[in-house]
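Chain A is the first sequence line, chain B the second, and so forth, proteins listed ahead of strands; every chain is numbered from 1. Just so it is clear, the structure is predicted and the values come from calculations on it, not from any experiment.
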Number of protein chains: 2
Amino acid sequence: MPKPTIQDVARAAGVHPATVSRALNPALVGRVTPATTRRVEEAAARLGYVPDEFGRTLRTRRSRMIGVVVPDLGNPVFPPIVRGIEDTLRTAGYAALIANTDDSAQRQEELLRTLTARRCDGFIIASSRRDDRAVVDLVNTQTPVVLVNRLMDTATAAVASDDAAGMRAAVEHLVSLGHREIAHVGGPEALSMTGVRRAAFDSAMAAAGLEVSPELICAARRYTADEGQRAFEAVLARRVPTAVIAGNDMIAVGCYGALRSRGLRCPADVSVVGFNNMPLSDFLDPALTTVAIPQFDIGTQAAQLVLDLIADHPPAQRLVPVSLMVRGSTGPVTCV
Amino acid sequence: MPKPTIQDVARAAGVHPATVSRALNPALVGRVTPATTRRVEEAAARLGYVPDEFGRTLRTRRSRMIGVVVPDLGNPVFPPIVRGIEDTLRTAGYAALIANTDDSAQRQEELLRTLTARRCDGFIIASSRRDDRAVVDLVNTQTPVVLVNRLMDTATAAVASDDAAGMRAAVEHLVSLGHREIAHVGGPEALSMTGVRRAAFDSAMAAAGLEVSPELICAARRYTADEGQRAFEAVLARRVPTAVIAGNDMIAVGCYGALRSRGLRCPADVSVVGFNNMPLSDFLDPALTTVAIPQFDIGTQAAQLVLDLIADHPPAQRLVPVSLMVRGSTGPVTCV
DNA sequence: TTGTATGCGTTATCAC
DNA sequence: GTGATAACGCATACAA
């Protein structure tokens, strides 16, 4: 038997469909007599009626769906964020439509088109390129958009980790261990996060009175272990630093690989610091010292911000605090 | 300006909306004159018209959305599966609506209700309890359902890893290293996967001519590192085996923790084998020997199966091959 | 308090 | 080959 509609309930309760709609709408309590309400509720329960979100969307022009755009769910930092988003949205009666861009601008544009065609009420975008026409366009059409880990301008809602503070803490930690030759392996230049963390690295180094040596800086082509390894191997071929700060934990894992492939030990020869505190980073070999960002919380806040935008609140920005998790991958400089 | 509708395109092209629909439908090529088609396509391009999936759903009664139900996206084994699903669905013009159950039967029931209210065309369910009324009901209503890692009966489409073969390979590997005292830490009894892997363990042990000692068997309350550690600590308090096979990799990570907390070394004192080959399992300390299941591929196949069901193919079942990844967490029994 | 009428965007089905 | 029409399920402004 097909799913019962509001019509079926109306027939069963001997009332008009509109009355069923009102009786079942908690916001309209008092506009229907208790007796009628009870009859309707009974009929609905008996038939197993669940209001069709689709019909509701059609009428209200609200789909209660949020498009969630991430670079790659396979990167362990994103699942906790997505869970935070999903839990918060579900509690509010919303659903998340998740899409992966693999950092491709073209793919992202397609996805946003598709998600728009599905009438998403808003977007949470955790995948931000520097030249993000598609996102700018979206914001300009008054669509609720929340950026994750990117502040665009004050008119756009966003939640981001305090990367500058994190980078300072990382550099200070390494300096306190005696390091002065500190490398940085960032991600793809096209992503805004890369620039933010790179700039944070530069100023943290300057604040510590250290020079940033150009030959100790490089960019992985993606935020993955493979590309991180390849990038750091290029650095090591030029000069071996005493420590490296990676653009994120996956790149840090790649740095582990690069060190191994050259017979260097971590942290005895080179200390490694990651970024994000992704799941399992504490179980790596060695356990990774990393700048912890509150992943689940970032997801929660992003969801809350997009719900706020939908409720016509002005766009807000949140900078969430980070903390350095000191583990086994960093140690004092060993004299040769 | 609001999103253009088919009406706007019709006006701009000087034709009827129905003609626009036909002209833009690749399946109906030839039913509209080339000249008209070109006029329509030009108007659509000029206005930036994208057919509204919502209106289409209303009319065709097909939402092109698939509900994807997983226990917890935070478990590293699921993101690759979900990516396989999502990539395949997107290529076919479908979208994935993802929901986490946290292994709660009640939550799963709610989610299925919600997803049904959103008119999902089908479901991929990777979260299967033994007593899964909600899923059985769903299947009975002729809704396309694909189970992941659970075979229910021959009438239900499913894709599962060949856990029996994997468990045999794990036991044989340990036996070849001289192990005879092999423990098993499974997951919650209520989940079907737990029973499957437990039974596979029993028969693999029998096939190797080994006794299964009841005091070396136990069940974690969840498939997490914390619960795995707690469960294995209980085993260790009774008797220390020379090896343990975990119900999945997160439990194996918990076993690492339990060994450490008792001052035992892996693999010198106790060898550990995991299940799933989740991301980063090769970067753990020590690198985890584990039964590898083709996660992305499982997702791809699950998506294909649900699309097949929607296309009215009969339900198919796929048993995907597994392979044992031998790494640092297993070694020969050391004589005391 | 309840019933009536309407429209959301699209496409299948008919009629021309 | 193209136009007209109806229908999908619901919520709301308006009428009774």
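Atom P of nucleotide C/dA5 and atom CD of A/Gln7 are separated by 13 Å, given to the nearest angstrom.
In this structure, of C/dT11, C/dT2, D/dT2, it is C/dT11 that holds the atom nearest to the side chain of B/Ile6.
Map A/Arg119 and B/Asn25 each onto its nearest nucleotide of DNA chain C; the residue landing nearer the 5' end is A/Arg119.
A salt bridge links B/Arg11 to B/Asp8: one of the charged nitrogens lies within less than 4.0 Å of a carboxylate oxygen. Note on A/Glu86 versus A/Arg90: salt bridge recorded, some NZ/NE/NH1/NH2 to OD/OE distance being below 4.0 Å. One finds no salt bridge joining A/Arg56 and A/Asp52 here, because no Lys/Arg side-chain nitrogen approaches an Asp/Glu carboxylate oxygen to under 4.0 Å. Ion pair B/Glu41/B/Arg38 not flagged as a salt bridge, since none of the NZ, NE, NH1 or NH2 atoms sits closer than 4.0 Å to an Asp/Glu carboxylate oxygen.
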Query raised in the report: Given pairs defined as Watson-Crick or G-U wobble with both distances under 3.5 Å, what dot-bracket annotation applies to DNA chain D, with ( ) intrastrand, [ ] crossing, | other strand and . unpaired?
Result: ||||||||||||||||
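A/Thr36 has no side-chain polar atom (N or O) that falls below the 4.0 Å cut-off from OP1 or OP2 of C/dT1.
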Report task. Let me see the working for A/Ile85 and A/Ile98 under side-chain contact (heavy atoms from CB on, under 4.5 Å), right down to the final yes or no. Result -> CA-CA 11 Å; A/Ile85 292 172; A/Ile98 293 157; over 6 Å; no
Query - Derivation and outcome, side-chain contact (heavy atoms from CB on, under 4.5 Å), residues B/Ile66 and B/Leu97 - result: CA-CA 6 Å; B/Ile66 303 295; B/Leu97 225 37; over 6 Å; no
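Against DNA chain D, the stretch residues 46-63 of chain A makes heavy-atom approaches under 4.0 Å through A/Tyr49, A/Pro51, A/Asp52, A/Gly55, A/Arg56, A/Leu58, A/Arg59, A/Thr60. Within residues 10-24 of chain A, the residues that have a heavy atom under 4.0 Å from DNA chain D are, in order of number, A/Ala18, A/Ser21, A/Arg22.
Between the B/Asp102 side chain and the B/Asp72 main chain, no donor and acceptor come within less than 3.5 Å of each other.
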